[in-house]
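In what follows, a single structure is set out as structure tokens and then discussed.
So that the names make sense, note that chain A is the first sequence line, chain B the second, and so on, each numbered from 1.
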Number of protein chains: 4
Amino acid sequence: MSDNDLMMEHIFDKENFTEKQKKIIEAAIDLFSEKGYASTSTSEIAKKAGVAEGTIFRHYKTKKELLMSIVMPLITRLVGPIVVNDLNKVFDRQYDHVEDFLTALIENRKAILIKLLPIIKIILQEIPFQAELKSHIIEHFGEKAFNLFLNKIKIYQEKGQLIDMPPTSLARLMLTNMFGYLFSRYILFPNYEWDDELETERTIQSIMHGLGKKE
Amino acid sequence: MSDNDLMMEHIFDKENFTEKQKKIIEAAIDLFSEKGYASTSTSEIAKKAGVAEGTIFRHYKTKKELLMSIVMPLITRLVGPIVVNDLNKVFDRQYDHVEDFLTALIENRKAILIKLLPIIKIILQEIPFQAELKSHIIEHFGEKAFNLFLNKIKIYQEKGQLIDMPPTSLARLMLTNMFGYLFSRYILFPNYEWDDELETERTIQSIMHGLGKKE
Amino acid sequence: MSDNDLMMEHIFDKENFTEKQKKIIEAAIDLFSEKGYASTSTSEIAKKAGVAEGTIFRHYKTKKELLMSIVMPLITRLVGPIVVNDLNKVFDRQYDHVEDFLTALIENRKAILIKLLPIIKIILQEIPFQAELKSHIIEHFGEKAFNLFLNKIKIYQEKGQLIDMPPTSLARLMLTNMFGYLFSRYILFPNYEWDDELETERTIQSIMHGLGKKE
Amino acid sequence: MSDNDLMMEHIFDKENFTEKQKKIIEAAIDLFSEKGYASTSTSEIAKKAGVAEGTIFRHYKTKKELLMSIVMPLITRLVGPIVVNDLNKVFDRQYDHVEDFLTALIENRKAILIKLLPIIKIILQEIPFQAELKSHIIEHFGEKAFNLFLNKIKIYQEKGQLIDMPPTSLARLMLTNMFGYLFSRYILFPNYEWDDELETERTIQSIMHGLGKKE
DNA sequence: GATGAATGAGGCTTCATTCAT
DNA sequence: AATGAATGAAGCCTCATTCAT
């Protein structure tokens with residue numbers, strides 16, 4: 001099973017795609033990610049996918065529907081679970097071994113993260129312009145995962161492992177650091193040679209203990 | 001002198017703009033920011049600016065030149081200085097009063113930041129697609145400001161005020177937190193009711209001491 | 001036997017249609033009549049008929065062939081006879097009872113006329129654009145029925161029951177009134193509440209004696 | 001001043017058309033009339049008009065707007081007046097000389113009617129499909145001219161010159177004959193050699209006295 | 001400097017039709 | 001006989017840009 005089939009399976013599972021349809025999705029992901037949704041023409045997608053332009057519209061009523069069909073399932077079925085799992089590991093880390101977290105976060109997720117990177121780029125680009133996308137994210141990530149996350153925070157606060165601060169502010173700061181790392185690592189400077197294990201360790205260190213030296 | 005004139009002066013100073021040209025720039029900023037560069041048509045800009053379609057091309061050879069004329073000066077003349085100044089204050093904070101930093105950061109910059117927000121949005125959107133823009137930023141911000149920033153970090157490390165960690169990692173973590181706050185505050189959730197003073201305080205607290213409770 | 005089967009039998013008799021083919025014809029009649037031939041797509045027809053797009057082209061080589069297969073039989077096998085019969089009754093009326101004519105014209109024909117209305121609309125719409133249709137009509141109605149009609153007129157003129165006027169002009173005036181009534185009744189204002197018996201009576205009165213009062 | 005300028009002036013007066021726009025309108029009238037609105041492509045219109053396809057859309061937002069811009073003014077400014085005038089003459093004819101009516105109806109109107117024929121064809125074709133067009137006609141012709149017409153009829157009925165019959169039925173029968181003549185003459189058989197004076201005389205004779213011979 | 005009509009390439013989408021299953 | 005995915009030409013329309021005024 002090829003890499004792309006794997007992605008297809010992960011994101012779009014159970015749907016019966018024709019071979020051409022898969023090609024269209026792959027081409028669209030590549031081009032939307034590289035040139036942006038608005039600057040990618042359907043004729044380019046068709047050419048890259050090796051299909052007639054009309055074929056795209058047999059499967060997707062509009063160009064926008066094609067975009068959404070790529071972007072929505074990822075949000076629905078992957079972002080939530082991944083994020084929630086990974087965040088759990090940050091907390092649990094105080095008890096468990098650091099290596100568990102690192103292995104889990106980096107090794108387990110890295111492959112899929114890199115594979116999903118183009119779609120993530122598309123999502124980040126289009127959030128400001130696609131209201132449906134924004135509301136879908138708020139609904140799936142915001143309301144489910146975020147509340148779950150807030151509850152975790154409260155529990156650890158009660159256990160005395162997190163400082164006193166409104167949970168929403170704590171959440172913002174933790175998420176900022178989590179996403180900031182991924183953003184720097186995979187989007188801003190993907191070509192820089194990262195020592196992933198070490199850098200993840202440092203990110204967590206920063207979240208938990210800050211950058212100021214204790215005297 | 002109006003608000004917009006003030007912005008014009010700040011960003012585009014010394015250039016003698018005609019009234020029409022100012023209107024074009026203002027309209028372009030609004031529309032690029034709201035709908036994205038690629039999805040904004042020059043005719044829309046002309047209509048919103050109240051000028052004829054041809055007038056835009058009297059001042060700017062192409063639509064892209066209009067984009068660059070908006071986005072480049074901001075980078076050249078504002079982003080660098082602002083960021084460098086503000087970062088200095090984070091470090092100096094260990095000696096000075098927190099209030100100094102807050103006042104400086106929030107009160108002094110808030111007005112101009114909000115005013116520049118649309119242009120910043122445009123820049124963030126277009127970085128991935130405009131190679132010139134990316135290289136311009138690297139040149140003006142990256143190479144000048146970032147090195148300056150790295151030097152500052154080293155100094156404070158030597159003074160024992162920052163933990164031992166490669167300066168580039170430290171930089172990444174600090175900048176992540178700085179920008180993460182601004183991004184959450186002004187781009188992600190501008191409509192949420194923020195207590196700016198408090199939230200800035202918390203951001204700095206997190207950077208310096210982390211979120212884990214010391215026992 | 002359903003209403004539609006009845007129509008099918010009347011217009012298309014002896015042809016052995018599959019269930020799907022009947023559905024296609026019915027859907028095509030509805031849509032052509034409602035939106036016009038050129039503005040109706042084969043895929044709409046397929047959807048409304050509940051068949052696959054390809055099925056239409058299994059029975060009809062082209063969209064135009066579908067149109068013709070609907071429109072031609074009606075002309076060949078119904079329009080001529082009906083018109084000739086009805087016109088005979090107008091003439092015979094001077095001797096017979098008015099009621100005979102009314103009963104014949106209205107009660108006998110009304111049901112089938114209403115049922116054929118959609119196809120008649122299609123024919124009227126497409127006459128100017130389909131040369132084959134026009135020549136088919138001239139051939140079947142024009143040359144056969146019209147000459148028959150002219151002969152009738154001449155006979156009644158010789159009997160002194162019609163004024164002296166070239167038979168073609170007489171024909172034009174009589175047909176104008178006949179069709180004008182049907183057109184007003186069923187095409188222009190089908191929703192107005194018509195007293196059909198009375199209005200038919202008036203139409204014939206107008207044809208035979210005019211609208212001016214004799215002193 | 002050319003023939004077409006004359007039409008332009010009659011139908012679209014006071015509007016400032018560019019030369020290209022006139023060409024577009026002329027080409028559109030020709031093609032819509034000849035092939036039907038739905039079967040005429042904007043690229044054909046552009047080619048026939050000798051302009052770029054984009055030019056059409058500079059003047060008319062949509063193809064439909066082009067249709068309406070051709071068809072609406074004719075209805076608003078010509079059909080009403082012409083019809084009302086001509087109908088008056090039918091009534092007045094009993095007192096005045098027949099020649100007056102004939103001269104007025106045929107000689108005065110013939111030139112403009114022939115010139116407007118293509119547009120009238122377009123209107124007749126599109127009435128069933130363009131709701132706006134239908135309501136525009138009802139508003140401008142129906143409510144204004146028709147009521148005026150009904151009042152005329154009542155007056156002549158009171159004077160004893162028209163038979164007792166509901167005015168709306170009388171109206172239908174008279175209009176049927178009027179339009180029936182024009183329709184036969186200019187739309188159905190424009191190429192037949194018509195003796196217009198005589199045929200108009202016969203039409204009016206038919207309306208007033210019918211086709212049956214008085215003994 | 002400013003206009004806005006004109007352009008023509010290209011965008012998204014629809015269409016009638018074909019063909020492997 | 002029936003399907004429906006696939007096609008590519010064509011349709012309507014938008015766009016950045018040019019140019020005569």
Query raised in the report: Between Ile70(B) and Ala28(B), which heavy-atom pair has the shortest distance, and what is it?
Result: CD1-CB, 3.6 Å
Report task. Go through residues 32-43 of chain B and report each residue with a non-hydrogen atom lying under 4.0 Å from DNA chain E, sorted by number. Result -> none
Report summary line: With both pairing distances under 3.5 angstrom for Watson-Crick or G-U wobble, and | for a partner in another strand, the correct string for DNA chain E is .||||||||||||||||||||
Query raised in the report: CD/Glu34(D) to CD/Glu44(D) distance, rounded to the nearest 0.5 angstrom?
Result: 8.5 Å
Query raised in the report: Only one of Ile123(C), Ile29(C), Leu31(C) clears side chain to side chain contact (heavy atoms under 4.5 Å, CB included) with Pro118(C); which?
Result: Ile29(C)
**Report entry** Stepwise side-chain contact (heavy atoms from CB on, under 4.5 Å) check, Leu67(A) with Thr62(A)
**Finding:** CA-CA 9 Å; Leu67(A) 169 67; Thr62(A) 63; over 6 Å; no
Query - Partner of Gln130(B) under side chain to side chain donor-acceptor pair (under 3.5 Å), chosen from Glu126(B), Lys134(B), Glu132(B) - result: Glu126(B)
Query - Rounded distance in Å - CD1 (Ile24(C)) to C1' (dA1(F)) - result: 11 Å
Report task. Would you please test Tyr60(C) and Ser69(C) for side-chain contact (heavy atoms from CB on, under 4.5 Å) and show each step? Result -> CA-CA 8 Å; Tyr60(C) 306 95; Ser69(C) 85; 3.2 Å; yes
Query raised in the report: In whole angstrom, what separates Lys47(B)'s NZ from dT3(E)'s C1'?
Result: 17 Å
**Report entry** Protein-nucleotide distance (Phe17(D), atom CZ; dG4(E), atom C1'), rounded to Å
**Finding:** 17 Å
**Report entry** Whole-Å gap separating P (dG10(E)) and CD1 (Ile45(A))
**Finding:** 17 Å
Query raised in the report: Between dC15(F) atom P and Phe57(B) atom CZ, what is the distance in whole Å?
Result: 12 Å
Query - Atom-to-atom span, CG of Leu66(A) to C1' of dT13(E) - whole angstrom - result: 13 Å
Report summary line: On DNA chain E, more 5' by nearest nucleotide between Lys63(A) and Lys64(C) is Lys63(A)
Query raised in the report: How close or far is atom P of dT14(F) from atom CD of Glu65(D), stated in whole angstroms?
Result: 11 Å
Query raised in the report: Lys61(A) NZ to dC15(E) P: how many Å, rounded?
Result: 14 Å
Please tabulate, one pair per line, each protein N/O and nucleotide N/O from nucleotides 2-4 of chain F that are separated by under 3.5 Å, including the distance.
{"from": "dA2(F)", "atom 1": "OP2", "to": "His59(C)", "atom 2": "NE2", "distance (Å)": "2.9"}
{"from": "dA2(F)", "atom 1": "N7", "to": "Arg58(C)", "atom 2": "NE", "distance (Å)": "2.9"}
{"from": "dT3(F)", "atom 1": "OP1", "to": "Lys20(C)", "atom 2": "NZ", "distance (Å)": "2.8"}
{"from": "dT3(F)", "atom 1": "OP2", "to": "Ala52(C)", "atom 2": "N", "distance (Å)": "3.2"}
{"from": "dT3(F)", "atom 1": "OP2", "to": "Thr55(C)", "atom 2": "OG1", "distance (Å)": "2.7"}
{"from": "dG4(F)", "atom 1": "N7", "to": "Gly54(C)", "atom 2": "N", "distance (Å)": "3.2"}

Report summary line: Gln125(A) and Pro128(B) have their tightest heavy-atom pair at NE2-CG, 3.2 Å
Query - Phe57(C) to Lys63(C) - nearest heavy-atom pair and separation - result: CE2-N, 4.1 Å
Query raised in the report: In terms of side-chain heavy atoms, does Glu53(D) have a donor or acceptor partner in Thr42(D) at a distance below 3.5 Å?
Result: yes
Query raised in the report: What is the minimum heavy-atom distance between Phe129(A) and Lys35(B), and which atoms define it?
Result: CE2-C, 3.4 Å
Query raised in the report: Minimum heavy-atom separation for Met68(C) to Pro73(C), with atom names?
Result: O-CD, 3.8 Å
